[in-house]
Amino acid sequence: MRQTACWWLLAPARCSPFGLASEDTKKEVKQSQDLEKSGISRKNDLDLKEIVFVIQSQSNSFHAKRAEQLKKSILKQAADLTQELPSVLLLHQLAKQEGAWTILPLLPHFAVTYSRNSSWIFFCEEETRIQIPNLLETIRRYDPSKVNITSIDMLYLYLTGMVLGKALHDEESTIIHHYAFSENPTVFKYPDFAAGWALSIPLVNKLTKRLKSESLKSDFTIDLKHEIALYIWDKGGGPPLTPVPEFCTDDVDFYCATTFHSFLPLCGKPVKKEDIFVAVKTCKKFHGDRIPIVKQTWESQASLIEYYSDYTENSIPTVDLGIPNTDRGHCGKTFAILERFLNRSRDKTAWLVIVDDDTLISISRLQHLLSCYDSGEPVFLGERYGYGLGTGGYSYITGGGGMVFSREAIRRLLASKCRCYSNDAPDDMVLGMCFSGLGIPVTHSPLFHQARPVDYPKDYLSHQVPISFHKHWNIDPVKVYFTWLAPNEEAKARQETQKGFREEL
């Protein structure tokens with residue numbers, strides 16, 4: 001595989017201590033490769049056709065194309081191995097229901113369709129890179145159905161099923177995980193989707209029975225990888241994640257079956273600053289402490305920016321939209337911003353970004369990302385959350401990390417009758433509900449973050465080029481910005497020297 005600038009522009013994991021394989025990881029590889037020596041003898045090898053590949057794709061044209069390219073790569077590698085071709089599924093094509101991306105609603109379909117002739121469901125993201133021979137050999141060593149069961153441990157795994165993945169854990173209890181395991185956050189492991197993860201068919205069948213007998217309890221989907229691991233673990237009633245060292249997010253080691261490159265998409269030239277209008281939501285009480293942080297950090301990157309408040313202050317300056325400030329929600333203010341953006345007849349700016357006054361964002365990175373999207377399409381982009389997806393709810397873009405709208409998305413929204421039910425309604429959730437009703441799916445990017453860097457595992461952030469973070473609580477926001485988001489000359493130089501290349505799978 002040739003790495004080129006069209007995709008892999010920035011790669012902090014290469015120089016990050018979190019991106020390097022530790023001695024402990026290498027020991028884990030050796031241990032996994034010696035699995036057969038622990039009293040387990042092989043019956044017959046797992047065939048590639050017994051693995052069902054599910055690419056966690058999205059319907060937006062850019063993401064659908066990337067998923068199709070990965071599908072072709074998997075099938076080509078399978079053909080080169082002269083193996084019978086496996087099933088490769090695109091998640092966004094499997095079901096039209098809103099919550100398909102949360103995986104659990106699809107497990108009954110997988111159980112009915114694949115449980116007879118398959119052994120594993122392997123999930124991966126659009127940018128996961130898979131070495132099929134290595135993956136096949138890796139999963140063979142963990143497959144309970146293909147070994148003679150000679151121990152109580154293996155009997156337990158066979159009966160309960162297994163979930164495999166690259167293990168993440170929280171360094172400290174975090175709001176995005178509802179402060180779970182607050183006494184020892186490191187104890188609970190959950191899979192890094194970027195490295196790929198797998199469910200054994202016995203586990204899929206077990207989870208399907210549970211889903212039929214009891215409804216999903218949580219109304220909100222915030223961090224899917226953590227929530228799925230919690231559901232599978234079932235307070236100790238189900239299997240914990242089995243860490244697989246061959247599932248990687250870097251390719252510095254020969255043993256990796258999967259990799260995931262840090263990258264910032266670039267599909268042609270970056271979008272011009274003049275094509276991005278930035279709207280900052282604020283209020284009088286935050287003019288003195290939050291707005292100076294914006295001006296000290298990222299404001300200079302924005303060509304078009306306005307601060308929308310409940311009070312006019314010329315020194316900033318702010319725009320009073322005539323909407324009273326509310327302690328929460330801000331739906332009235334957000335819809336007033338949308339109307340102002342669309343109705344400025346002299347201004348045909350392609351993109352609108354709405355952020356909070358305590359959002360930290362990289363406009364230069366956003367310019368690169370938006371080059372991959374068509375502003376003529378209805379695009380609603382950011383970090384995706386879900387509400388009530390188990391019972392016909394909707395997905396939405398969480399506001400703190402930044403909400404990105406194409407002009408076409410705003411036009412369709414305002415042409416509809418969908419509006420706030422009150423000024424203090426949660427704007428991001430109302431927007432999600434409206435776009436869902438219009439049949440416009442939200443588009444997820446993990447590069448936007450609703451929380452602070454300390455709220456995410458270091459290993460998770462090490463393979464990202466983040467676009468935003470949110471909240472100033474208990475951090476130095478200026479330091480966070482210049483550590484994680486500020487432009488740097490090295491990145492600019494790499495961008496200039498590598499332009500024009502095409503990435504090949």
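None of these values were measured; they are calculated from a predicted model. Position 1 is the first residue of the sequence, and the numbers go up from there.
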N/O donor-acceptor pair under 3.5 Å between S462 side chain and D459 backbone
yes

Any donor and acceptor pair, going by atom type alone, linking the side chain of T258 with main-chain N or O of C248 inside 3.5 Å?
yes

Derivation and outcome, side chain to side chain contact (heavy atoms under 4.5 Å, CB included), residues D223 and T174:
CA-CA 11 Å; D223 184 6; T174 171; over 6 Å; no

So, S445 side chain and G382 main chain: donor-acceptor pair closer than 3.5 Å or not?
no

Tell me, with the steps shown, if Q58 and R384 meet side chain to side chain contact (heavy atoms under 4.5 Å, CB included).
CA-CA 12 Å; Q58 301 186 72; R384 177 180 55 193; 3.8 Å; yes

Just wondering, do W197 and I103 contact through their side chains at under 4.5 Å, heavy atoms?
yes

Identify the two heavy atoms, one from T297 and one from S300, that lie closest to each other, and give their separation to 0.1 Å.
O-OG, 4.2 Å

Minimum heavy-atom separation for I361 to L485, with atom names?
N-CD1, 3.9 Å

Would you say that K189 contacts P240 through its side chain, given a criterion of any heavy-atom pair below 4.5 Å between the two side chains?
no

If we ignore angles and hydrogens, is there a donor and acceptor under 3.5 Å between the side chains of T318 and H287?
no

From L107 atom CG to I121 atom CD1, the distance as rounded to the nearest 0.5 Å
8.5 Å

Using ring pair (Phe, Tyr, Trp, His ring centres under 6.0 Å) as the criterion, point out the one residue from Y456, Y190, F188, F220 that pairs with H177.
Y190

Got a second to check how far L70's CG is from S57's OG, nearest 0.5 Å?
9.5 Å

So, D289 and H472: side-chain donor and acceptor under 3.5 Å apart, yes or no?
no

Say whether T334 and D427, considering side chains only, have a donor N or O and an acceptor N or O under 3.5 Å apart.
yes

List the atom pairs, with distances to 0.1 Å, where a side-chain N or O of residues 392-401 and a protein N or O form a donor-acceptor pair under 3.5 Å, not counting sequence neighbours.
from: S395; atom 1: OG; to: E98; atom 2: OE2; distance (Å): 3.0
from: S395; atom 1: OG; to: W101; atom 2: NE1; distance (Å): 2.8
from: T398; atom 1: OG1; to: Q450; atom 2: OE1; distance (Å): 2.8

Side-chain contact test, heavy atoms from C-beta onward, threshold under 4.5 Å: evaluate it for L264 versus L447 and give yes or no.
yes

Counting only N and O atoms by type, is there a donor-acceptor contact under 3.5 Å from the side chain of E127 to the main-chain atoms of F260?
no

Quick one: do I232 and L199 satisfy side chain to side chain contact (heavy atoms under 4.5 Å, CB included)? Show the steps, please.
CA-CA 10 Å; I232 292 171; L199 300 178; 3.7 Å; yes

Indicate yes or no for a side-chain donor-acceptor contact from T349 to the backbone of W351 under 3.5 Å, with no hydrogens or angles considered.
no

Show the nearest heavy-atom pair for residues A409 and V379, with the distance to one decimal.
CB-O, 3.5 Å

Any chance you could measure I130, atom CD1, to F247, atom CZ, to the nearest 0.5 Å?
9.0 Å

Under a 3.5 Å distance rule, please check whether Q56 uses its side chain to pair with a backbone N or O of F123 as donor and acceptor.
no

Ion pair present between K284 and D310, side-chain N to carboxylate O less than 4.0 angstrom?
no

Aromatic Y460 / basic K225 pairing, under 6.0 angstrom, 45° off normal
yes

Counting only N and O atoms by type, is there a donor-acceptor contact under 3.5 Å from the side chain of S371 to the main-chain atoms of C267?
yes

When rounded to the nearest 0.5 angstrom, what is the spacing between CZ in R365 and CD in Q367?
12.5 Å

Rounded to the nearest 0.5 angstrom, the CG-NZ distance for L241 and K166 is 12.0 Å

With a 4.5 Å heavy-atom cut-off, do F286 and D356 have their side chains touching?
no

Can you name the nearest heavy-atom pair linking A67 to I55, along with the distance?
O-CD1, 3.6 Å

Can you check whether G332's main-chain N or O pairs, donor with acceptor, with R419's side chain at less than 3.5 Å?
no

Looking only at heavy atoms, the pair that brings L438 and S416 closest together is CD2-CB, 3.8 Å

Side chain D320, main chain G322, donor-acceptor under 3.5 Å
yes

Could you tell me the separation between the CG atom of L224 and the CZ atom of F193, rounded to the nearest 0.5 Å?
4.5 Å

Think R210 forms a cation-pi with Y231, using NZ or CZ under 6.0 Å from the six-ring centre and within 45 degrees of its axis?
yes

Contacts satisfying ring-ring contact (aromatic ring centres under 6.0 Å, His included) that involve residues 297-339 (not counting sequence neighbours) are none

Mind running side chain to side chain contact (heavy atoms under 4.5 Å, CB included) on F448 and M403 for me, showing each step along the way?
CA-CA 9 Å; F448 296 81; M403 300 182 289; over 6 Å; no

Please identify each residue that fulfils salt bridge (Lys or Arg N to Asp or Glu O under 4.0 Å) with D455, with sequence neighbours left out.
R452

Indicate yes or no for a side-chain donor-acceptor contact from S406 to the backbone of E377 under 3.5 Å, with no hydrogens or angles considered.
yes

Aromatic ring pairing F435/F405, orientation class (parallel under 30°, perpendicular over 60°, tilted between):
tilted

Looking only at non-hydrogen atoms, find the nearest pair between A279 and I337 and report the distance.
CB-CG2, 3.7 Å

Is K65 paired with E68 through a side-chain N to carboxylate O contact shorter than 4.0 Å?
no

So do the side chains of L342 and L352 get within less than 4.5 Å of each other, counting heavy atoms only?
no

Taking NZ in K295 as the centre, count heavy atoms belonging to other residues, nucleotides or ligands within less than 6.0 Å. Is the count above 12?
yes

Counting the benzene-type ring for Trp, do Y373 and H63 have ring centres under 6.0 Å apart?
yes

Quick check: do D192 and H463 have side-chain heavy atoms less than 4.5 Å from each other?
yes

Is any side-chain heavy atom of I293 closer than 4.5 Å to one of L360?
yes

Within-4.5 Å side-chain heavy-atom neighbours: T282 and I316:
no

